[in-house]
Amino acid sequence: MSRTAFKAPGDAHANRWKALVFIALAQLMVVLDTTIVNIALPSAQQDLGISDGDRQWVVTAYALAFGGLLLFGGRVSDLWGRKRAFLIGLVGFAAASALGGASTTGAAMFGARALQGAFGAVLAPAALSLLAVMFTDGKERAKAFGIFGAIAGGGSAVGFILGGVLTEYMDWRWTFFVNIPFAIAAATGAYFVVREPEGGRNRSPLDIPGVVLSTLGLVSLVYGFTRAESDGWSDTTTISLFVASAVLLLAFVITEAKVKAPLLPLRVVTDRNRGGVYLSLGIAIIAMFGSFLFLTYYLQVVKGYSPIKSGFSFLPMVAGMMVGSTQIGTRLVTRVPARFLIGPGFLVAMAGMLLLTRLETGSSYASTVLPSLVLLGLGMGTTFNPAMSLPTVGIQPRDAGVASAMINTSQQVGGAIGTALLNTIATSATTSYVKGHVADAPTKPQRQLVQLQGVVHGYIVAIWFAVGMLVIATLIVLILVNRRPGGEGVEVEVAVPVVAH
């Protein structure tokens, strides 16, 4: 059986666009969950009697399971088949969400969140790799990844709105239960319409040492940054976690270079285009996640917005992402080299960041926050299409799952680093500002004003770091990514193209 480049003809899979609807619906559910639960956390904490010290585990348990198991989830997708992994991930995520909504103790909540993360780690790479093997025509692929990217980018902001509405007008438990109808609709539709080319599975034995080393290494890394945010960078446990992560991930790379059937074939990440996208996207997400967090707190703490009003304030960013992804990115991705979409996209987002450095306690939403959100949305929306599509262009289907998992891994690790690193920078800058100015504020109202000014000052210092991150991400893209437009098709080891359930 010879290896040929199989490009699906236009009518080879008549249901592929219907399938995209259900794949995108599943992706929306996963992305919504990352923010919708944050809005509900204060109410859930009070009802379940979770202490302030333990409340972080509602977020951390999910992040550790999701980030630590992504490579395993991608390999499972290649081994079992993407459709099967997709359905298992959906059903498991819905069941875990039901357990979370029905929780009566903090421990039950933490366990449910960990289960959500574990099944999400199977679902996310399966969804992305399904797109990679189903949409192989360049123009169709651009449209499909444009829609998928817009949902991936805008879903988080929508989560703030939905979380605020459900928590304020119903009950925090519905922020979990809302996942169930999403999952049922996506699983039912996917069962009937999703097809994937036959012959693309990687049936090699599972690389158990690779699974253990990668999972422990990524968990240590994500937890290390989580600890750094709460306990400081000089904390003994924090340092130990980073050291353990470095040792485990180094051992993982050595193992993958030697074993016959590696969990992560090094050919996936050593390709300059894939490696450049993984690295630059991770760095850009560091900037985006930190700034996203600061804007949320700025609107609610400094400006006094309610959770619902704060959520709606992010809608211009969602609109920008939709335009950038479905109009700019989709129209140009087959005509312009990827680096000339991703790089300028990062620079447009950076322009939005620069506007945010002008924030003051009395800044107007319309004159400062609104234009920055539009630019952030346009910039990142433009990058999502090529950044999500490029790592799976030309990939062998047996590697599509793990290549897709690496996209999610770079985003997950980038998000963990961004939240911890930029929050630490902001907190330190705020503390220094308040210490330097509180002596000049003799009255309580003046001290409160200094405190607010210190908070905003901390945000601005951290946002300048985020600007630098986007500059670095842009340079990486322009130097490493050199694939020309029109690179389409995935290599499939088949004698005759066959579409199967």
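Reckoned from all heavy atoms, side chains included, excluding hydrogens, waters and symmetry mates.
- Between the side chain of Ser214 and the backbone N or O of Val211, at least one donor-acceptor pair lies under 3.5 Å.
- Put simply, the side chain of Arg274 does not reach to within 4.5 Å of the side chain of Met406, judged on heavy atoms.
- Taking a cutoff of 4.0 Å between a charged side-chain nitrogen and a carboxylate oxygen, Arg75 and Asp207 do not qualify as a salt bridge.
- When all heavy atoms of Leu123 and Leu90 are compared, the pair lying nearest together is CD1-CG, 3.8 Å.
- Residues Leu213 and Thr255 have side chains in contact (heavy-atom distance under 4.5 Å, counting atoms from C-beta outward).
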Stepwise side chain to side chain contact (heavy atoms under 4.5 Å, CB included) test for Val369 and Leu359: CA-CA 8 Å; Val369 178; Leu359 280 178; 4.0 Å; yes

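- Side-chain atoms of Thr270 come within 3.5 Å of backbone atoms of Leu266 as a donor-acceptor pair (strictly under, hydrogens ignored).
- Counting heavy atoms from C-beta on, the side chains of Asn423 and Phe294 come closer than 4.5 Å.
- Summarising the local packing, OH of Tyr223 is surrounded by more than 12 heavy atoms from other residues, nucleotides or ligands at distances under 6.0 Å.
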Pair Leu356-Leu376, side chain to side chain contact (heavy atoms under 4.5 Å, CB included): steps then yes or no: CA-CA 10 Å; Leu356 290 179; Leu376 285 169; 4.3 Å; yes

Which pairs of donor and acceptor atoms, one on a side chain in residues 466-477, lie under 3.5 Å apart (sequence neighbours left out)?
from: Thr474; atom 1: OG1; to: Leu470; atom 2: O; distance (Å): 2.7

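- The CE atom of Met134 lies 9.0 Å from the CZ atom of Arg195; values are rounded to the nearest 0.5 Å.
- Taking the side chain as every heavy atom from C-beta outward, Trp57 and Leu64 approach each other to under 4.5 Å.
- Atom-to-atom distance recorded for Glu140:CD and Arg16:CZ is 4.0 Å, nearest 0.5 angstrom.
- From Thr409, atom OG1 reaches atom CG of Leu70 across 4.0 Å, with rounding to the nearest 0.5 Å.
- With a 4.5 Å cut-off on side-chain heavy atoms, Val402 and Pro265 count as touching.
- Within the 4.5 Å cutoff, no side-chain heavy atoms of Met388 are placed close to those of Leu131.
- Looking only at side-chain heavy atoms (C-beta outward), Ile283 and Phe346 stay at 4.5 Å or farther from each other.
- No side-chain donor-acceptor contact under 3.5 Å links Ser389 to the backbone of Pro386.
- Remark: side-chain polar atoms of Lys83 are paired, donor with acceptor, to backbone N or O of Tyr191 under 3.5 angstrom.
- Listed for the Ser220 side chain is a donor-acceptor partner under 3.5 Å among the backbone atoms of Leu216.
- With hydrogens and angles disregarded, no donor-acceptor distance shorter than 3.5 Å links the side chain of Thr330 to the backbone of Gln327.
- The shortest side-chain heavy-atom distance between Val268 and Tyr278 falls under the 4.5 Å cut-off.
- Screening Leu218, Leu206, Val122 for a side chain to side chain contact (heavy atoms under 4.5 Å, CB included) involving Phe72 leaves a single residue, Leu206.
- Heavy-atom minimum distance, Leu221 versus Ser245: CB-OG, 3.3 Å.
- In this structure, the separation between CZ on Arg339 and CD1 on Ile479 is 10.0 Å, given to the nearest 0.5 Å.
- Here the straight-line distance linking atom CE of Met321 with atom CG of Leu378 works out to 10.0 Å at 0.5 Å rounding.
- Of all non-hydrogen atoms in Ile463 and Thr357, the two that sit nearest each other are CG2-CG2, 3.8 Å.
- Within a 6.0 Å radius of CZ in Arg358, no more than 12 heavy atoms belonging to other residues, nucleotides or ligands are found.
- Under a 3.5 Å cut-off, the side chain of Asn482 and the backbone N or O of Asn273 do not form any donor-acceptor pair.
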Worked check of side chain to side chain contact (heavy atoms under 4.5 Å, CB included) between Thr382 and Val348: CA-CA 9 Å; Thr382 301; Val348 171; over 6 Å; no

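- For Thr238 against Arg227, the heavy-atom pair with the smallest separation is OG1-CB, 3.5 Å.
- A ring-centre distance under 6.0 Å is found for Tyr62 and Phe66.
- Across Gly458 and Ala429, no two heavy atoms sit closer than the pair CA-CB, 3.8 Å.
- Between Phe135 and Trp17, the distance from one ring center to the other falls under 6.0 angstrom.
- Judged purely by atom type and a 3.5 angstrom limit, Ser410 uses its side chain to pair as donor or acceptor with the backbone of Ile407.
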Residue pair Leu28, Val31: steps toward the side chain to side chain contact (heavy atoms under 4.5 Å, CB included) verdict: CA-CA 5 Å; Leu28 178 62; Val31 175; 5.5 Å; no

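- Looking at Ser404, its side chain never comes within 3.5 Å of a backbone N or O of Ala126 through a donor-acceptor pair.
- A search for side chain to side chain donor-acceptor pair (under 3.5 Å) contacts involving Ser97 returns Gln116, Asn179, not counting sequence neighbours.
- For the atom pair CZ (Arg267) and CD (Glu256), the distance works out to 11.0 Å, reported to the nearest 0.5 Å.
- With sequence neighbours excluded, the residues forming a ring pair (Phe, Tyr, Trp, His ring centres under 6.0 Å) with Phe225 are Trp233, Phe242, listed by chain and number.
- When all heavy atoms of Leu295 and Leu373 are compared, the closest pair comes out as CD1-CD2, 3.5 Å.
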